[in-house]
Amino acid sequence: MFISRKLRKENIAEYLLYMWQVEDIIRAYDCQLGRLRREYISRFELSDEEKEELTDWYADLINMLTREGCRQQGHLQINKIVVSDLTELHNRLIDSPQFPFYRSQYYKVLPYIVELRKRGGQQETSEIETCLDALYGVMMLRLQHRDISPDTDHAIKEISTFIGMLSDYYLKDKTEGLKFDD
């Protein structure tokens, strides 16, 4: 919760990846708040008040996962909305002649997106969600200390640069407002 607040203000893509990881952590504890509190939250060096606040946050997330039918898989609506917002911004940036560097980076990663969608059967997901899924998948592989091929590593670096640019534009749009000529 403390990390998510910080990330949401600083880097929306990192926020999403963190929240997807939180969803998976909750699932790893079978959506049981007692287990999460005992086996996970108790390990953090936090004050009793902070631990209680964190426990309440996890309880809210467990309730949302249950209500939204995401106890086994899928993402919370709050996270889907952020992906949708990023996708909408991406489309505006691509359609505008004012952001040539962004468009250039997009066309650089487009072959990777096409390949990922073909391999994963993700035709219905947005290109942005496909990129985020790839970043999350590699993050999980690295946490498991599994090898990543040089080609995959190169693709992920390009995708990361692209999503980083989108995150920067998202933050700028939220704080200053991007100007699009119509």
Side-chain angles (χ1 to χ4, degrees), residues 1-90 109 125-146 148 152-153 155-178:
M1 172 191 68
F2 305 110
I3 295 170
S4 71
R5 281 184 195 156
K6 182 178 185 297
L7 288 175
R8 181 146 185 138
K9 292 176 187 172
E10 295 174 1
N11 187 313
I12 198 67
E14 286 182 14
Y15 164 80
L16 269 174
L17 296 175
Y18 176 78
M19 289 303 295
W20 288 358
Q21 187 177 24
V22 166
E23 291 170 345
D24 284 343
I25 288 168
I26 291 169
R27 290 182 188 113
Y29 289 95
D30 298 319
C31 296
Q32 295 178 13
L33 185 60
R35 277 191 65 206
L36 256 167
R37 182 186 294 132
R38 264 189 329 276
E39 300 171 26
Y40 184 69
I41 296 170
S42 65
R43 298 186 316 195
F44 296 112
E45 292 184 22
L46 300 169
S47 69
D48 289 342
E49 185 178 302
E50 290 170 325
K51 282 183 183 177
E52 197 57 41
E53 190 177 351
L54 188 59
T55 299
D56 290 345
W57 184 68
Y58 274 103
D60 289 342
L61 291 174
I62 290 169
N63 288 331
M64 290 189 316
L65 283 168
T66 301
R67 268 194 323 268
E68 296 175 21
C70 298
R71 287 177 66 102
Q72 303 301 317
Q73 65 181 13
H75 298 298
L76 290 169
Q77 193 61 35
I78 57 172
N79 297 329
K80 289 179 183 179
I81 290 168
V82 174
V83 172
S84 178
D85 289 348
L86 283 170
T87 299
E88 182 181 311
L89 177 59
H90 162 73
V109 300
T125 61
S126 72
E127 293 171 328
I128 300 307
E129 188 168 355
T130 298
C131 290
L132 291 164
D133 284 341
L135 292 172
Y136 186 75
V138 169
M139 182 178 82
M140 291 295 103
L141 289 173
R142 287 186 174 142
L143 285 172
Q144 297 166 12
H145 305 288
R146 299 199 27 213
I148 297 154
T152 300
D153 189 52
I156 288 300
K157 285 178 181 169
E158 294 294 341
I159 290 170
S160 182
T161 299
F162 168 65
I163 293 296
M165 287 177 79
L166 180 58
S167 291
D168 290 345
Y169 280 123
Y170 180 89
L171 179 62
K172 186 173 183 174
D173 193 37
K174 293 295 178 195
T175 56
E176 304 168 26
L178 291 175

side-chain contact (heavy atoms from CB on, under 4.5 Å) between T152 and L141, intermediate numbers included: CA-CA 12 Å; T152 300; L141 289 173; over 6 Å; no

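Surrounding CD1 of I3 are at most 12 heavy atoms belonging to other residues, nucleotides or ligands under 6.0 Å away. For CD of E49, the number of neighbouring non-hydrogen atoms (other residues, nucleotides, ligands) closer than 6.0 Å is 12 at most.
At a threshold of 4.5 Å between non-hydrogen side-chain atoms, the residues E127 and V109 do not count as touching. Residues V22 and Y18 form a side-chain contact, since some pair of their non-hydrogen atoms from C-beta on lies under 4.5 Å apart. The closest side-chain heavy-atom distance from R142 to I148 is below 4.5 Å. For the pair F2/E50, a side-chain contact is recorded, criterion being any heavy-atom separation below 4.5 Å from C-beta on. Here the side chains of H75 and V83 are not in contact, with every heavy-atom distance at 4.5 Å or above.
Pairing each heavy atom of Q77 with each of E68, the nearest pair is N-OE1, 2.6 Å.
Atom CG of D24 is separated from atom CZ of R27 by 5.5 Å, given to the nearest 0.5 angstrom. Distance check: L132 CG to S126 OG gives 7.5 Å after rounding to the nearest 0.5 Å. Here CE of M140 is found 8.5 Å from CG of L17. Values are rounded to the nearest 0.5 Å. Distance check: R71 CZ to T66 OG1 gives 4.0 Å after rounding to the nearest 0.5 Å.
Y15 pairs in a side chain to side chain donor-acceptor pair (under 3.5 Å) with only one of the listed residues (R8, K9, K6, E10), which is R8. Of the candidates I25, L135, D133, D133 is the only one forming a side-chain contact (heavy atoms from CB on, under 4.5 Å) with W20.
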Compile the donor-acceptor pairs under 3.5 Å between side chains in residues 156-167 and protein atoms, sequence neighbours left out, one pair per line.
residue: K157; atom: NZ; partner: D153; partner atom: OD2; Å: 3.2
residue: E158; atom: OE1; partner: Q105; partner atom: NE2; Å: 3.1
residue: T161; atom: OG1; partner: K157; partner atom: O; Å: 3.0
residue: S167; atom: OG; partner: N11; partner atom: OD1; Å: 3.4
residue: S167; atom: OG; partner: A13; partner atom: N; Å: 3.3
residue: S167; atom: OG; partner: I163; partner atom: O; Å: 3.1

Side-chain donor-acceptor pairs under 3.5 Å in residues 28-39, sequence neighbours left out?
residue: D30; atom: OD2; partner: R35; partner atom: NH1; Å: 3.0
residue: R35; atom: NE; partner: E39; partner atom: OE2; Å: 3.3
residue: R35; atom: NH2; partner: E39; partner atom: OE1; Å: 3.3
residue: R38; atom: NH1; partner: G34; partner atom: O; Å: 3.3

Throw together a table of side-chain donor-acceptor distances under 3.5 angstrom for residues 53-61, partners on residues two or more places apart or in other chains.
residue: E53; atom: OE2; partner: R5; partner atom: NH2; Å: 2.8
residue: T55; atom: OG1; partner: K51; partner atom: O; Å: 2.7

Pair up each side-chain donor or acceptor in residues 170-177 with any protein partner under 3.5 Å, not counting sequence neighbours, and list the distances.
residue: D173; atom: OD1; partner: L178; partner atom: N; Å: 2.9
residue: T175; atom: OG1; partner: L171; partner atom: O; Å: 2.9
residue: T175; atom: OG1; partner: K172; partner atom: O; Å: 3.4

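Here the side chain of E23 pairs a donor or acceptor atom with the backbone of L76 at under 3.5 angstrom.
Looking at residues two or more places apart in sequence or on another chain, you find a ring-ring contact (aromatic ring centres under 6.0 Å, His included) between Y169 and F99, Y102. For E52, there are no salt bridge (Lys or Arg N to Asp or Glu O under 4.0 Å) partners, not counting sequence neighbours.
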